[in-house]
Undergrad: 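First, the structure itself, so that you have it in front of you.
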Amino acid sequence: MAVDLLLGLQWGDEGKGKIVDVLTKNYDIIARFQGGPNAGHTLEFDGIKHVLRTIPSGIFHKNAMNVIGNGVVIDPVVFVKELEGLDKYNLDYKKNLILSRKAHIILPTHRLLDAASEASKGKAKIGSTLKGIGPTYMDKTGRNGIRIGDLELENWQDKYRALADKHEAMIDFYNVDVQYDLADLETEFFAAVETLKTLTFIDSEEYLHQAQKEGKTILAEGAQGSLLDIDFGTYPFVTSSNTTAAGACTGLGVPPNKVKDVFGIFKAYTTRVGSGPFPTELFDAVGEKMAIIGNEIGAVTGRARRCGWLDLVALRYAVQVNGVTQLIMMKADVLSGFETLKVCTAYNYKGETINHFPYNIEAENVTPIYTEMKGWKADLTKMDAISQLPQALNDYIDFLEKELEVPIKVVSVGPDRKQTILRD
Ligand code: IMP
């Protein structure tokens with residue numbers, strides 16, 4: 001059986017949580033393959049709003065198995081809080097949530113290092129969520145990390161001590177003002193590790209291999225977005241993992257020839273949190289209106305998201321890098337009420353018109369070239385069929401499909417599971 005992928009195509013926050021939750025009924029297994037608690041996947045159903053951080057978005061469906069793959073980084077403290085947040089829903093997560101032994105662990109000192117590193121950068125800071133993601137992946141590739149499987153070993157705390165001591169020396173080296181009480185943080189950390197150890201640790205690549213042989217259906221749930229990919233994103237203003245399709249192969253041990261559909265999810269406009277270039281960013285009342293109507297506040301950090309028009313140069317690039325087979329457009333309802341809409345179809349790059357996403361998209365090199373389209377006024381949030389959508393929105397969708405050469409199969413018109421319109 002093949003594996004399908006669901007990936008964010010912009011700078012994250014596209015609405016992956018909602019769509020995984022909607023798609024879960026079609027899958028036996030939902031697997032996270034990269035990132036960690038820097039993600040905040042928001043799900044809304046039956047009047048409930050819930051934000052997931054590391055736990056796959058299939059957790060609310062009783063029949064789905066949820067796998068945290070080897071490519072993910074897990075903070076035991078955040079993870080246990082996340083489990084506690086699920087208690088009120090009476091979910092049997094000891095049965096349907098399993099963790100890869102090869103996933104790396106975020107230590108308290110990784111979080112401190114993240115803060116020290118950002119503080120040392122001053123104005124050049126990445127705008128990290130400060131969840132310790134970068135330092136944990138650095139220890140992974142530096143071959144120093146502690147993995148979930150290590151927790152099953154007698155002497156894992158020796159390894160912990162050596163690494164935490166090294167981190168403290170590194171924090172000193174940064175020579176910035178980071179206040180902390182490691183003893184307190186460690187008490188919380190070791191208690192959380194004990195709770196974590198009550199869950200099931202598995203060799204997830206083997207589990208997924210067997211599941212495929214048995215004909216089970218698997219959806220790999222991405223976190224962040226393609227433009228935050230460590231290789232293909234707007235480096236250095238990126239996260240520290242491969243958020244693109246190939247990351248699902250390395251982050252789960254799924255071979256490329258087993259990947260079938262790649263669902264690419266994007267907002268009808270563009271947002272970004274944190275620092276970094278954003279060619280179509282709006283600094284005027286239009287951008288403010290998008291932020292207010294779209295409630296563009298970060299689910300993890302509470303930071304206001306920067307807003308702008310849809311950037312088809314960037315989106316085309318993400319479609320290419322990921323091999324997207326089906327598109328899902330989110331938050332179409334947020335664009336209701338704008339007289340005209342703009343879509344960036346090319347860049348003016350150092351005086352030349354280009355259609356591809358170049359090495360450098362800083363404002364001094366890139367000016368977006370826009371096509372203007374008619375807006376619509378109707379409230380989409382109550383609509384549940386394509387035939388009800390205003391003509392101007394259908395024109396917008398048709399235009400995007402032509403430019404991207406991939407069908408838009410789903411249009412989301414509100415945060416609830418039910419506010420999802422399928423297009424055939
Ligand atoms: P980090 O991954 O926390 O180090 O953050 C690196 C960059 O990625 C920052 O600009 C963050 O704002 C951004 N980022 C990380 N996770 C997410 C996410 O889930 N959604 C949107 N942006 C994110």
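Atoms within each ligand, like the ligands themselves, are counted from 1 in listed order.
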Undergrad: Which residue owns the protein heavy atom closest to atom 11 (C) of ligand 1, what's the atom, and how far is it?
TA: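 Here the closest protein heavy atom is G127 O, 3.5 Å.
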
Undergrad: Do the two ring centres, one from Y137 and one from H104, sit under 6.0 Å apart?
TA: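 They do not qualify: ring centres at least 6.0 Å apart.
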
Undergrad: Provide the number and element of each atom of ligand 1 under 4.0 Å from a heavy atom of W11.
TA: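 Result: 21 (C), 22 (N).
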
Undergrad: Hydrogens and angles aside, do D177 and Q179 bring a side-chain donor and acceptor to less than 3.5 Å of each other?
TA: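 Present: a donor and an acceptor within the cut-off.
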
Undergrad: Quick one: are the ring centres of F278 and W11 less than 6.0 Å apart?
TA: yes

Undergrad: Only heavy atoms of V273, strictly under 4.0 Å: list the atoms of ligand 1 that pass.
TA: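 Heavy-atom distances to V273 below 4.0 Å select 10 (O), 12 (O), 21 (C), 22 (N).
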
Undergrad: Mind telling me whether F190 and Y160 have parallel, tilted or perpendicular rings, with 30° and 60° as the class edges?
TA: perpendicular

Undergrad: Report yes or no: is the cationic atom of R417 (NZ for Lys, CZ for Arg) under 6.0 Å from the centre of the six-membered ring of F45, at an angle within 45° of the ring normal?
TA: yes

Undergrad: Any atom of ligand 1 sitting under 4.0 Å from a heavy atom of Q224?
TA: yes

Undergrad: Measuring from the heavy atoms of A223, does anything fall under 4.0 Å of ligand 1?
TA: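 Under 4.0 Å: no for A223.
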
Undergrad: Are F237 and ligand 1 in contact, using a heavy-atom cut-off of under 4.0 Å?
TA: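 Checking ligand 1 against F237, which is what was asked, there is no heavy-atom contact under 4.0 Å.
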
Undergrad: Measure the distances from the heavy atoms of V238 to every atom of ligand 1 and state whether one is below 4.0 angstrom.
TA: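 Yes, that is the case, since the closest heavy atom of the residue is under 4.0 Å from the ligand.
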
Undergrad: Please compare T239, T129, T243 and report which has the shortest non-hydrogen distance to atom 3 (O) of ligand 1.
TA: T129

Undergrad: For atom 4 (O) of ligand 1, what's the nearest protein heavy-atom neighbour? Residue, atom name and distance, please.
TA: S128 OG, 3.0 Å

Undergrad: Does a donor on one side chain and an acceptor on the other come within less than 3.5 Å for Y89 and H50?
TA: yes

Undergrad: If you draw the axis of the six-membered ring of F338, does the NZ or CZ of K289 fall within 45° of it and under 6.0 Å from the ring centre?
TA: yes

Undergrad: How far is atom 20 (N) of ligand 1 from its nearest protein heavy atom, and which residue and atom name does that atom have?
TA: D13 OD1, 3.1 Å

Undergrad: Does R303 come within less than 4.0 Å of ligand 1, judged by its heavy atoms?
TA: yes

Undergrad: Below 3.5 Å, N or O to N or O, backbone or side chain included: is there any such pair between K131 and ligand 1?
TA: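 No, no N or O pair falls under 3.5 Å.
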
Undergrad: Does atom NZ of K197 have more than 12 heavy-atom neighbours from other groups under 6.0 Å away?
TA: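 Counting other residues, nucleotides and ligands, NZ of K197 exceeds 12 neighbours.
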
Undergrad: Are T136 and H110 linked by a side-chain donor-acceptor pair shorter than 3.5 Å?
TA: yes

Undergrad: Would you mind finding which of D114, I230, L228, I126 brings a heavy atom closest to atom 14 (N) of ligand 1?
TA: L228

